[in-house]
Amino acid sequence: MNLYEEQSLKIYNSLSGKKELFQPINEGHIGMYVCGPTVYSNVHLGNCRTFMSFDMIFRYFKHLGYKVRYVRNITDAGHLVDDAEDGEDKIAKKARLEKIEPMEVVQRYTVDFHNILEQFNFLPPSIEPTATGHIIEQIEIIKDILVKGFAYETNGSVYFDVKKFNEAHEYGKLSGRKLEDMIANTRELTAQDDKHSPQDFALWKKAEPQHIMRWPSPWGDGFPGWHLECTAMSTKYLGETFDIHGGGMDLKFPHHECEIAQAEASNGKSPVHYWLHANMLTMNGKKMAKSTGNNILPGEIFTGENDILSKAFAPSVVRFFMMQAHYTSILDLSNEALLASEKGYNKLMDAVDAIENLPEGNATDFNITNWQQKCYDAMNDDFNTPILIAQLFDAVKHINLIKEGRELISKEDKKLLEKSIYAFVFDILGLENAQNNNANSDKLSGVVSLLIELRDEARANKDFATSDKIRDQLTELGIQLKDGKDGTSFSVS
RNA sequence: GGCAUCGUGGCCGAGUGGCUAGGCACAGCUCUGCAAAAGCUUGUACAGCGGUUCGAAUCCGCUCGAUGCCUCCA
């Protein structure tokens with residue numbers, strides 16, 4: 001029996017605005033698509049939060065026993081900088097400024113993206129397709145939409161006819177907008193282009209002579225429109241209808257709205273059962289964004305080389321910090337919040353480390369099965385990681401009590417506790433135990449154990465000057481001694 | 001201007017009609033040679049003003065404030 005048959009998972013669906021019982025299209029299988037990054041600059045922490053939310057969701061699905069095909073694309077072409085400019089896309093612009101090939105830009109920042117995600121202990125997606133690798137598929141969809149009459153060609157570009165689409169379908173249903181309102185609120189400033197109406201969006205853009213990223217098409221040389229790649233790749237790898245589509249909140253409109261329109265125009269079906277949107281990471285109360293400069297790079301946090309943080313923070317601490325907030329809530333980054341999370345993280349990890357050596361009794365003072373279900377209940381309620389962490393701290397309390405001999409745990413329950421806490425902490429939340437990752441940890445613990453022994457001797461002789469010297473100097477080195485009932489342990493910060 | 005979302009104790013952050021998470025910080029106690037660690041105890045918070053209700057932080061209305069989207073954006 002699979003775990004998913006025992007747990008009933010509810011997910012907040014942006015499309016309906018409600019929490020819904022999750023039921024995959026094919027039993028035991030899940031198709032999930034998440035909009036990936038545009039690789040024209042280093043991935044910043046705000047980007048990471050979205051992907052981390054879906055990494056956690058992916059991990060939980062897998063833990064429940066689902067077979068998941070998780071597709072997360074790399075956008076390596078096609079997103080325009082600005083309508084007012086000449087239609088140059090971000091990657092081409094960056095390439096021109098740096099005098100390199102567009103694919104060099106793409107390669108550089110794709111490598112950076114993977115490198116950062118690895119440090120955050122992400123699981124790789126099942127498929128990571130690129131937009132430029134699916135130009136043919138995109139052209140086919142455009143042809144299809146043209147045939148169905150929901151697009152028109154002007155001067156070598158093809159646009160989606162939103163008004164026409166809205167006659168038979170509902171444009172704006174995801175973001176709660178009405179086409180009439182949008183038309184009413186349009187400022188006719190740019191009497192610019194070839195579009196019939198400002199709401200229309202490009203499926204294919206004609207490439208001007210100076211444009212370096214270009215492909216041949218039935219409408220001449222050009223490049224695909226902003227929203228088409230996700231439709232092409234999700235359809236190709238997950239089918240015309242699939243379970244989950246995720247992305248950042250800021251993509252809800254217009255990007256996801258356009259995806260729905262494209263899919264419905266081409267095959268008549270609503271493409272996605274559950275739309276999930278991860279909320280923004282803010283800094284100083286404002287959205288983190290590349291364009292405004294209000295952002296921080298993961299590398300700057302790991303090294304502490306930045307102006308807003310007082311010290312460096314390990315990737316797992318940052319991950320823990322993010323998991324302490326619900327993925328649909330805005331989260332504000334600050335030094336104080338990270339410091340608080342770091343302490344909590346260390347406390348959690350100390351307890352996790354302690355499980356293995358807990359004394360075994362002939363009974364157990366807390367109901368582990370019951371506790372375990374509370375953890376699942378938290379995750380089943382729209383992946384509520386903050387509640388899960390609260391439950392984990394409940395276990396931490398018991399672990400510490402058992403360690404001090406004030407509560408008991410049986411051998412079997414200890415095994416159960418260890419297994420489930422490892423599952424929630426490492427498999428589902430994706431945390432890593434930074435202290436155990438030290439390559440020299442064996443040697444270090446040998447040295448510290450020796451010092452602890454010397455200190456104990458000094459204390460036995462009431463030579464407190466020596467014992468305090470050992471303790472204080474170790475503290476200065478970042479090694480904290482912890483005296484307990486059964487001797488002294490230590491932790492490295 | 002339009003459409004959304006949100007406003008929780010010193011800080012971060014869950015919850016959401018009655019049973020009032022959790023982390024950090026603070027205070028007291030236990031333990032300790034002294035500390036630290038750990039444990040215990042204490043904090044009756046939900047922007048403001050009205051309304052619905054036996055009862056609201058949770059529902060409704062208004063006001064104020066913040067943020068997001070409306071243009072590329074995770």
Side-chain angles (χ1 to χ4, degrees), chain A residues 17 34-38 40 43-54 75 78-85 89-90 172 175-178 181-182 184-187 190 198-199 226 246-255 257 277-282 285-292 320-321 324-326 328-334 336-348 350-351 354 374 378 381 384-394 396-397 399-401 403-404 406-407 459 462-464 467-468 471-472 475 480-485 488-491:
Chain A
V34 171
C35 293
T38 306
Y40 67 98
V43 61
H44 68 247
L45 197 68
N47 303 124
C48 293
R49 185 190 180 200
T50 295
F51 302 129
M52 195 179 284
S53 296
F54 289 104
T75 295
H79 283 211
L80 298 187
V81 170
D82 182 339
D83 273 349
E85 285 184 33
D89 73 46
K90 282 180 172 169
S175 54
R177 285 157 212 251
K178 298 227 177 310
D181 295 344
M182 291 165 62
N185 284 308
T186 304
R187 309 157 276 196
T190 46
Q199 284 70 41
W226 312 263
M249 198 72 113
D250 49 354
L251 297 183
K252 203 170 181 183
F253 188 91
H255 184 61
E257 205 70 73
H277 289 97
N279 218 136
M280 300 293 98
L281 179 69
T282 60
K286 293 259 192 296
K287 177 188 173 187
M288 226 181 247
K290 287 168 191 167
S291 50
T292 59
F320 181 77
F321 163 72
Q324 273 185 303
H326 189 85
T328 58
S329 296
I330 292 170
L331 174 64
D332 193 58
L333 181 86
S334 68
E336 292 69 32
L338 277 173
L339 284 169
S341 286
E342 184 176 52
K343 291 201 173 177
Y345 166 82
N346 287 143
K347 186 175 169 181
L348 176 63
D350 285 347
K374 282 187 193 164
D381 185 14
N384 199 322
T385 52
I387 297 279
L388 169 64
I389 289 171
Q391 295 301 338
L392 292 177
F393 277 105
D394 188 42
V396 166
K397 186 170 154 179
I399 290 167
N400 286 325
L401 283 169
K403 195 166 121 190
E404 295 198 352
R406 298 162 74 167
E407 275 193 8
R459 290 173 73 199
K462 300 212 187 295
D463 178 8
F464 297 123
S467 69
D468 287 354
R471 180 223 283 159
D472 295 344
T475 304
Q480 186 188 33
L481 297 186
K482 299 171 183 180
D483 295 332
K485 282 264 183 288
T488 303
S489 61
F490 73 96
S491 68

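By convention in this document, chain letters (A, B, ...) are assigned in the order of the sequence lines, proteins followed by strands, and residues within each chain are numbered from 1.
- Atom name C1', nucleotides B/G23 and B/C29: the rounded distance is 22 Å, in whole Å.
- Looking at the side chain of A/I387, the nearest of the listed nucleotides B/G39, B/A21, B/C73 is B/A21.
- The side chain of A/Q480 lies closest to B/A36, out of B/A36, B/U32, B/A74.
- A donor and an acceptor atom sit less than 3.5 Å apart, one in the side chain of A/K287 and one in the base of B/C73.
- The separation between A/L331 atom CG and B/U67 atom C1' is 14 Å, rounded to whole Å.
- Base contact: A/R177 has a heavy atom under 4.0 Å from a base atom.
- Proximity note for A/L251 (side chain, C-beta onward) versus B/C73, B/A21, B/A36: the nearest is B/C73.
- The listed nucleotides are B/A37, B/C72, B/A74; the one nearest the side chain of A/K290 is B/A74.
- Side-chain atoms of A/N47 lie closest to B/C73 of the nucleotides B/G39, B/C34, B/C73.
- When distances are taken from the side chain of A/R471 to each of B/A35, B/G22, B/A74, the shortest belongs to B/A35.
- Within the nucleic acid shown, A/L281 comes within 4.0 Å of at least one base atom, counting heavy atoms only.
- The main-chain N or O of A/H44 is found under 3.5 Å from a side-chain atom of A/N47 such that the two form a donor-acceptor pair.
- Taking every side-chain heavy atom of A/F321 into account, B/C12 is the closest of B/C12, B/A14, B/A36.
- Of the candidates B/C69, B/G33, B/A36, B/A36 carries the atom nearest the A/D483 side chain, counting heavy atoms from C-beta on.
- Taking the 5.5 Å centre cut-off and the 30° plane limit, the aromatic side chain of A/F393 is not classed as stacked on B/G22.
- As a whole-Å value, the separation of A/W226 CH2 from B/C73 P is 10 Å.
- Looking at the side chain of A/T50, the nearest of the listed nucleotides B/C70, B/A74, B/G33 is B/A74.
- Checking side-chain atoms of A/Q324 against main-chain N and O of A/S341 turns up no donor-acceptor pair under 3.5 Å.
- Checked by atom type, the side-chain pair A/T282/A/D332 shows a donor-acceptor distance below 3.5 Å.
- Considering only side-chain atoms of A/K343, the nucleotide from B/C73, B/A25, B/G13 that sits closest is B/A25.
- Proximity of A/N400 to A/K403: side-chain heavy atoms (C-beta onward) are separated by under 4.5 Å at one or more points.
- Between the base of B/G68 and the side chain of A/N279 there is no donor-acceptor pair shorter than 3.5 Å.
- Here A/Q480 contributes atom CD and A/S491 contributes atom OG; the two are 4.5 Å apart, rounded to the nearest 0.5 Å.
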